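Note that the structure is a prediction, hence the values are computed from the model and not measured. In what follows, chains are A, B, ... by sequence order, proteins preceding strands, each numbered from 1.
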Amino acid sequence: MDFRISEERQMLSDMLRRFWGNDPMLEARNAAVYEAPYQVPGVWAQLAELGVFGAFLSEDEGGFGGTAEDVVVVFEEAGRALSAEPLLGQLLVMRLLAGLGRADLLEEMVAGATRGALAFAEPALSVDLSRTAATAARRGDGWVLNGRKSAIYGGPGADVLLVTARTDAGLGLFLLRDAPLIEAAMVDGGGIAELVMEDLAAECLAEDAAPPVEAALDLGRIALCSEAVGAMDMLTAMTVDYLKQRRQFGRPLASFQALQHRVVDMVMEGEQARSIVIRAMASYGTPDQARHVAMAKNLLGRVAPHVAEEAIQLHGGIGMTWEYPGSHYAKRLVLLDHQLGDRRDHALRLMRMCAPDAGAVSRPVTARTPESQTA
Amino acid sequence: MDFRISEERQMLSDMLRRFWGNDPMLEARNAAVYEAPYQVPGVWAQLAELGVFGAFLSEDEGGFGGTAEDVVVVFEEAGRALSAEPLLGQLLVMRLLAGLGRADLLEEMVAGATRGALAFAEPALSVDLSRTAATAARRGDGWVLNGRKSAIYGGPGADVLLVTARTDAGLGLFLLRDAPLIEAAMVDGGGIAELVMEDLAAECLAEDAAPPVEAALDLGRIALCSEAVGAMDMLTAMTVDYLKQRRQFGRPLASFQALQHRVVDMVMEGEQARSIVIRAMASYGTPDQARHVAMAKNLLGRVAPHVAEEAIQLHGGIGMTWEYPGSHYAKRLVLLDHQLGDRRDHALRLMRMCAPDAGAVSRPVTARTPESQTA
Amino acid sequence: MDLDFTAEEQAFRKHVREVIRGELPREISDKVLQGRGLTKEDIECWQAILNRHGWLATTWPAEFGGPGWSVVERHIFNEECALASAPRIVTFGLVMLGPVLIKFGTKEQQDHYLPRILDGRDWWCQGYSEPGAGSDLAGLKTRAVRDGDTYVINGQKTWTTLGQHANWIFCLVRTATEGKPQDGISFVLVDVNSPGVEMRPIKLIDGSKEVNEVFFTDVRVPVTNLVGEENKGWTIAKYLLTHERTNIAGVGHSTKDLEKFRKLAAEIERDGEKVADNPLYAMRAAELEADLEAMRVTNLRLLADASSGAAEGHRSSLLKIKGTQIRQELQNLYRSALGSAAALDADDLSENELAVPVEAARAAPVYFNHRKLSIYGGSNEIQRNIVAKELFRE
Amino acid sequence: MDLDFTAEEQAFRKHVREVIRGELPREISDKVLQGRGLTKEDIECWQAILNRHGWLATTWPAEFGGPGWSVVERHIFNEECALASAPRIVTFGLVMLGPVLIKFGTKEQQDHYLPRILDGRDWWCQGYSEPGAGSDLAGLKTRAVRDGDTYVINGQKTWTTLGQHANWIFCLVRTATEGKPQDGISFVLVDVNSPGVEMRPIKLIDGSKEVNEVFFTDVRVPVTNLVGEENKGWTIAKYLLTHERTNIAGVGHSTKDLEKFRKLAAEIERDGEKVADNPLYAMRAAELEADLEAMRVTNLRLLADASSGAAEGHRSSLLKIKGTQIRQELQNLYRSALGSAAALDADDLSENELAVPVEAARAAPVYFNHRKLSIYGGSNEIQRNIVAKELFRE
């Protein structure tokens, strides 16, 4: 048992923290990410230089990371910095392309020259891929897609769009370039898109990609949870600082016990959030992955919005202003629960896994107990 | 709109408060109600003299009350006094017998000479009477019952037991005397019983009594909620007093803001509880009865245990002791949620009523808006 | 006990409802329903309609132009406005300054200002909070120094709601520094167009611009603009804080919001299930509805007490706390129900391109905006302090 | 990063589990599982078994009779004990006094008392709290006055857990009244059978008798029973309060309780539905399981830090708060799942007459008993104060 991260990852983490860790950066962020192109000019290329995209791939795949741990390191720093760069879409697409052996595209993506986004969600589809309504059909030598995709994170400006659609074989995965996206800002900054497909020609990457898409989405959920941990840390620290500085009725707000105790709960939730992310990260790729990822997304979906609401309340009016960085952290912490399935979607996932007929009533005490290892 | 209670009811309320309102009574209660006969000797007869049972019947039925408001007045005082007298069983049986015109029995019950209890629950039946498993069958001129009844409040020592069982016509109601009860104390004091019926001969009162049993149970729920309101009031007041008296770290506990704010929430929940009881009471016998009673039992099932837990916590160790009256109030407030359906049972009732196909999406703003009255 | 409204009150509701629904322009109620911003003209339009019916200054006595309603009638009117998605009345002139002038003002002040509030010639805003003093008004620093027949005002106010539309502002200013901090505060009326007044908008978390900072630099105000006595402004501030607040729970708004949620939940599907059929949403909605129904009665109980003059001040604090909790929770549920669609800042897109129902498009920004409910008007922590003070009084 | 236990630790767990399951008498584990009271003999029996394996004083260094385990091994051992429904070790001698004597005691005290703790000749209880001083130990009033070679003790202690079985009690007593209240406190060992000591049981909310009041009337104690220096007892008290508390979260107990809940929920039916299939229960259980899984890792993280000597004191306070919240919520859920059956005080009835599953019969009393978790050992409010002090340190 060892909770330290490797030296290489620590270096990446430190580098990112230095790169992002200053107020002017946040100002630039807020000035840029609420309208097209929804990114801070120049940052994407610098992230590539720092090796962020290389961290999403193993050495075999052309990078130097590729594990859930690498992803957690990158996204925690993104969360601390409140980065709205379209990292999530890039991660999802890179993992899917890596599974398909598309070294050509991956090389460009590691270099930051090509950006990707994944279109899997639909207006009525949140986490259950079997409900995919979009369809793919052969047309001549190629394929055409029909249907509507929504919640395409990082869609605006993406060079490569991967799209899921039903095929006779299952859940097909298709590649689009120059897709006719309907683009918008996210409420918490960054770009999002929808896509209406009417006999849209596309390249077929796989006729059934359900398992890799599920795996990529679970990794994306870990990434979002880690981002939330970083953002919670920052927002809680900002709240502590504010309460120390601000005086009311002749004494610092920090001296009011009712406020103190609420901050303690925020800290406690931050610790629990960090722990469940560690658990999900350690389970990634094991039979416990789905359960622990669902737990993480459910837990973060409860505690991150709570921390956001408490932070605003404890700041008072200032926490409601656009100018104060904390308000943007709060927005991010709430909106995270709207991405890749929310608290309730993942509670339902867990409930299905724990139902008596699911045979998952008793559980191992640790990640791998001696029994389960020998079994 | 008028929230004052009538003069007669105010007199009954005052009389009961005087009768019950002293500490020695509570001591006698705690000494008596945790073992057979689960009642304080002599109190039952005195309640009859004070007119408590007459309040459960209208003048036509041989009493001087009979409305939900009378019931609310009696049970709030019972709650304040933490009475464990078997009032609930008596109420349920009297309302059912009144509907059947059994003046003979009612006269004895008003006088306190006869006690009644209702056996409707079963190990797997909480609020859905259509799930009744016990059966009734004709045998010669009479009827015999089979099955198991549980949670018979006030069962020990009852002279008259009404039992529900399935008949060909629906939900039959039967009368038993000298039933072979399995008796026990309730965790919070008072008697409870189970009944195993194997070809047990019984008098048939009605071959289908489902609607009156439902109505009686809803009235019983209002009674329990009112009892909870009285008990919450008392326990919150005890907590306030304790925090004022008790000093720690050189100052009264009452001066600690974190504790203050938690007590404010208890008070707020008490106000909300009182309001929902008023609403349910006012709706009793109207088309809104089921919805508002379910709301009341659900709301009390959330706030009463919360007040109990907070009171214990805010008292510290003393709140954990048998000797301190508050601990018994806390037990009552928690166990109330186990009677006649709990928070979740009634949430499910509400959810069924609010489901889109139940046609109850929008609701009137007031008990009776002009529109709904003319409709 | 009787929870029903009287026949007269029910007839009153019917009448009010008909008039509101008949007169309120659809484009305005749609904006309110969908959480889109109202223009100055929208608000003025609606207030002019109400004024035509004599329904604008509902808390003023009839002799000053109020409708002469009981507290119950006012409650019914407010509820019907919320249910019809009418714009909120701008309270600063109508609910705050008006009653202050009626109670503390001179005959001249009343004669001059009250009619101008009613007919919309004056749009008032409020100068209470300062950067260093939010809920703690005793600590305010904006100074007014007497110079002959004028005060010279220097300082800064903040959180001035809709100040961008206002031509007048009433302010609490410090006119003396001796004695207790509460002493030495005065209540002064300032023409926003006076030299030295500068209004700067504050952009809020949801991108809206509804509050402002106001800077005062050597602003000269005639002493006749003082309301009440000099150095006794604290009395007026307290009067306003404890002033009848039976509408504070926002029960009408919550009723409307719950209705909106149920409509949305019955429409949108997620992973093969209508949100309305998802037990996790359905339970939360059912329990919130029970809370709201209780709140409705709690509010009526306080109204009844207010009618008979028996209302205790700290109970309106309980109304505010629980009422805002319910409103915020409903916003929370509504936003959640939308799932991934809530993330779009939908003002950027034309309606027909969106997969989001149009009335839900601004769910997340409105949710964030509503966090203010537990902060302004005396934060919920302040309200808890008020109740605690009453509870733990020796 | 690596969450797995090492191969050695896993082998250790396997060994420990086998021994515990092999040696723990079924009738004892059944009582624990069902929340029924344990006799003194039950506890002594189990502690003797552990002592035979050298597993009783798990926090003592090997030279004093401890097993020489790492913090991780201790954690695994505690977890396995909880999962096997083993009785809790009586901590007063083994976890509290033992380490105190090892750190502050004389060689004579160590030689005399430590073996007697291990072999069960002495049963220790704790005299900390007083009727007027619960979490606020500095306010304690029990006096010890020096008279030649003895202290004469007068006063009262309370909340003395299992004092009815004890023959020794360690006490904090006041030996001086000058200076700060924390000064002037001493740590003294008292033979319960000394003249003037009276132990009176306190009946608890659930009817159990596990705590006591202890009255001291002119009790004479040799000065050699002083541990550490006179008037420096506060140092020892603080040592114990901040002493390694990595087991404080009770993760093993919660794991067992969740397992019990799931078993019960799959068995009992209510209104045509298994409780396990009721979405309102199922969601709560699923979310609690997520909380518990997080808590498990939080605990391991603290263990890892403790292993490397880097644990911050206030983080064990967070463990205590969240750990007890989870345990209490599980008790809450378990009790609720039983519906009307939970109201029976089932100890009154023989098993086969009951419709209640036997292991659930005492669900409500056990729930009430567990309210103590957030009160004793420094209430959760005190723990929050400790964390806040650390957070808001200048």
Quiz prompt | Identified side chain to side chain contact (heavy atoms under 4.5 Å, CB included) counterpart of Phe3(A) within the set Val297(D), Asp305(D), Asp2(D) | solution = Val297(D)
Which portion of [X] sits near chain A, non-hydrogen atoms under 4.5 angstrom:
{"X": "Glu390(D)", "result": "neither"}
{"X": "Gln325(D)", "result": "side chain"}
{"X": "Val251(D)", "result": "neither"}

Exercise. In sequence, state the C-alpha distance, the side-chain angles, and the governing distance for His261(A) and Gln383(D), and then conclude on side chain to side chain contact (heavy atoms under 4.5 Å, CB included).
Key: CA-CA 10 Å; His261(A) 282 198; Gln383(D) 305 296 343; over 6 Å; no
Quiz item: Hey, which of Thr6(D), Ile321(D), Val72(D) has the most heavy atom pairs under 4.5 Å with chain A?
Solution: Ile321(D)
Quiz item: Is any side-chain N of the basic residue among Glu287(D) and Arg344(A) closer than 4.0 Å to the acidic one's carboxylate O?
Solution: no
Say you draw a straight line from [atom1] of [X] to [atom2] of [Y]; how long is it, rounded to the nearest 0.5 Å?
{"X": "Ser308(D)", "Y": "Arg4(A)", "atom1": "OG", "atom2": "CZ", "result": "7.5 Å"}
{"X": "Leu318(D)", "Y": "Asp265(A)", "atom1": "CG", "atom2": "CG", "result": "9.5 Å"}
{"X": "Thr239(A)", "Y": "Leu391(D)", "atom1": "OG1", "atom2": "CG", "result": "11.0 Å"}
{"X": "Glu293(D)", "Y": "Arg279(A)", "atom1": "CD", "atom2": "CZ", "result": "4.5 Å"}

Quiz prompt | side chain to side chain contact (heavy atoms under 4.5 Å, CB included) evaluation trace for Met283(D) with Leu350(A) | solution = CA-CA 8 Å; Met283(D) 176 180 69; Leu350(A) 285 171; over 6 Å; no
Quiz item: What do the steps show when you test Arg302(A) against Asp291(D) for side chain to side chain contact (heavy atoms under 4.5 Å, CB included), and what is the final call?
Solution: CA-CA 10 Å; Arg302(A) 289 179 281 141; Asp291(D) 290 343; 3.0 Å; yes
Quiz item: Taking everything shown except Met11(A) itself, do over 12 heavy atoms lie less than 6.0 Å from its CE?
Solution: no
Pick from [options]: which one has the most heavy-atom pairs with chain D under 4.5 Å?
{"options": "Val303(A), Asp241(A), Asn298(A)", "value": "Asn298(A)"}
{"options": "Gln257(A), Arg9(A), Arg343(A)", "value": "Arg343(A)"}
{"options": "Thr67(A), Val264(A), Leu243(A)", "value": "Val264(A)"}

Can you see which heavy atom on [X] is nearest to which on [Y], and at what distance?
{"X": "Ala286(D)", "Y": "Met351(A)", "value": "CB-CG, 4.2 Å"}
{"X": "Leu3(D)", "Y": "Ala282(A)", "value": "CD1-CB, 3.9 Å"}
{"X": "Ser275(A)", "Y": "Thr298(D)", "value": "OG-OG1, 2.6 Å"}

Exercise. Could you tell me whether a side-chain N or O of Lys244(A) sits under 3.5 Å from a main-chain N or O of Arg393(D), the two making a donor and an acceptor?
Key: yes
Self-check item: Expected output: side-chain Arg301(D) to main-chain Glu271(A) donor-acceptor under 3.5 Å
Solution: yes
Self-check item: Side chain to side chain, Glu289(D) and Met353(A), heavy atoms closer than 4.5 Å
Solution: no
Practice problem: Determine whether Met295(D) and Gln272(A) make a side-chain contact, defined as any pair of heavy atoms from C-beta on separated by less than 4.5 Å. | Solution: yes
Exercise. Measure Leu299(A) against the heavy atoms of chain D and call it side chain, backbone, both or neither at under 4.5 Å.
Key: side chain
